[in-house]
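Take a look at the structure set out below.
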Amino acid sequence: MHKILNMALVIFISLLNSVNSNCVADEINSSITPIYQWGRGINIPSANLNIGGYFNMTFEHFESEQDIAALDELSLFISWSPLSQLHFFAEFEMESSISTHGIADFSESFSIERLYVDFLATDSLSFRFGQFLTPVGTWNSIHAAPLVWTTSRPIVTESQFFPSRSNGLMISKQFMINNHDPDFSLYFDDSADLDPRSIDSKDNSGHLEDEVAFEYAIGTHIIYEPINFLQTGVSYLTFKKDAKKQLSTNHLFGLDLFWQNSGYEMQMEFAYRTASDEQGSETSTYLQGIVPIGYNVFAVSRYEFINGTHQLNSDLETFDGTSHIFIPALAWRPYVPLVVKAEYRLGSNNKDIAPSGFFASVSMFF
Amino acid sequence: MSTTTLVADELLIVVAKNSEITTINKQQLEHIFNRKSRINALGERWVPINLGIGNPLRIAFTKRLFKQRPEDMESYWNIQYFKGITPPYVVSSEEAILRFIATTPNAIGYINPCHLDSRVRVLMKLAIQEKIQHLCEVSIQD
């Protein structure tokens, strides 16, 4: 794995070297001055720089635990494109920094969520190197609170199913075939060597203490739009989890569907993961529908199913069995960057995996 | 002098008159304006320009390319923002589009045919589904 990634890194650096001969300095018209737009950040066209972010405030009332109100996420995006074929992106996040349980230490709540550079080799071929969101399904790639319809996250998209961040190289190719635009991504992760997270969060053996992360992974995601407004996706991922004990390799197969038109939306993800040791196998899916009911209020309904052996935390505790979860919710989007959500989660055999309760949140791009 | 109203059933896709880009198809145009395609065949950055969200020309252009009204694409631009991609610059008038394109390498925009002048070159004609009547008032010498 290390050799493959080193080779990929050499290829990537060679591509970057070729940038000087291909790129021209951009001369954006000076009449476009720096501007702040609510929900789109501050844009400085002359520097091809954009700075923005979002916040998410949550209230969680679990049936069997103490209520929690928190500034759950405060994220800052920096997007910079110094040359036409180079694009840098960073997302820094403070997670659960202030809550009814107190104020967290900066080192505990701060994380680098994404940090990568894109090299645009052509208008349809790009190479990404750094830390990026693992492209399995749709939810994980667009998980920011202002983009999703519920405060809680489907189990099949959680990091215990597959680690949400990858560290390595991703090659993306976009095809143009009769307006169907298939997109193909192939990625190589070597988190064991490349994860930029603080050494403080690793134990003596070099493993992350509190997070489910890759040791290494190879994956692919293919997106295809068979008809207008419908996007379908297929994912395959083979990976080894970062853990103190030796674990066997996991294989994950996923399917996703996303349809959206005139305020209505339907979203589905399915994944099957298997490993030959105690990690076992699991199948999970969710189906979510959105219906506009007037005054920018949307009715949301989600059904989730999970069956098998599911890791519950970084200590490798597991849930074994079958669980059904149902979430009726409302979301109010009075303005494009702002969303207010309320939901109730209930289910069967869900106490350990996704406990019942009421959740609400206010989130906004700034 | 008198003023007459012309009816437009197509938009002109224009670039600077000295642009090296000579051809484009509808799918490429879609990818430029939804920013899936950020560089051209020469490796240079595309700079697409839009009119304001309520402008009839922008509405006709967006419906023709993306089969949606501009406001329906806001959720798409929210997702792109999260991915670090910003939407096309917005200017206030067709004259502003012409001025911007004339002075910015690789800028591309759309205008009503009656506003075409020597500062720009037509790259493509885009038929629109609904005729735009009130945008093209021109002065005619009696």
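In what follows, every chain begins at residue 1, and chains take the letters A, B, ... in the order their sequences are listed. Atom set for the values below is all heavy atoms of this structure, side chains included, hydrogens, waters and symmetry mates excluded.
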Relative to chain B, which segment of [X] carries a heavy atom at a distance below 4.5 Å: side chain, backbone, both, or neither?
{"X": "A/Y54", "answer": "side chain"}
{"X": "A/S262", "answer": "neither"}
{"X": "A/N43", "answer": "side chain"}
{"X": "A/E91", "answer": "side chain"}
{"X": "A/L133", "answer": "side chain"}
{"X": "A/T122", "answer": "backbone"}
{"X": "A/F88", "answer": "neither"}
{"X": "A/L147", "answer": "side chain"}

Please confirm whether A/R128 makes a cation-pi placement over A/Y116, using NZ or CZ under 6.0 Å from the six-membered ring centre and within 45° of the ring normal.
yes
Would A/K173 pass as a cation-pi partner of A/F175, given that its NZ or CZ must be under 6.0 Å from the six-membered ring centre and within 45 degrees of the axis?
yes
What residue in B/H31, B/K67, B/K83 has the most heavy-atom pairs under 4.5 Å with chain A?
B/H31
Tell me which of these, B/R38, B/Q27, B/R69, B/Q80, has more heavy-atom pairs under 4.5 Å with chain A than the rest.
B/Q27
Can A/E225 and B/K36 be counted as an ion pair, charged N to O under 4.0 angstrom?
yes
Would you call B/R99-B/E94 a salt bridge at under 4.0 Å N-O?
no
Between [X] (side chain only) and [Y] (backbone N and O only), is there a donor and an acceptor less than 3.5 Å apart?
{"X": "A/R165", "Y": "A/I112", "value": "yes"}
{"X": "A/S235", "Y": "A/V136", "value": "no"}
{"X": "A/E113", "Y": "A/F92", "value": "no"}
{"X": "A/W38", "Y": "A/Y335", "value": "no"}

Proximity breakdown for [X] and chain A, heavy-atom pairs closer than 4.5 Å:
{"X": "B/Q68", "value": "side chain"}
{"X": "B/S37", "value": "both"}
{"X": "B/W46", "value": "neither"}
{"X": "B/D72", "value": "neither"}

A/W149 side chain reached by A/R302 side chain, heavy atoms, under 4.5 Å
no
Spacing of A/D118 atom CG and B/I85 atom CD1 [to the nearest 0.5 Å]
8.0 Å
Select, from A/R40, A/Q174, A/H87, the one with the greatest count of heavy-atom pairs under 4.5 Å involving chain B.
A/R40
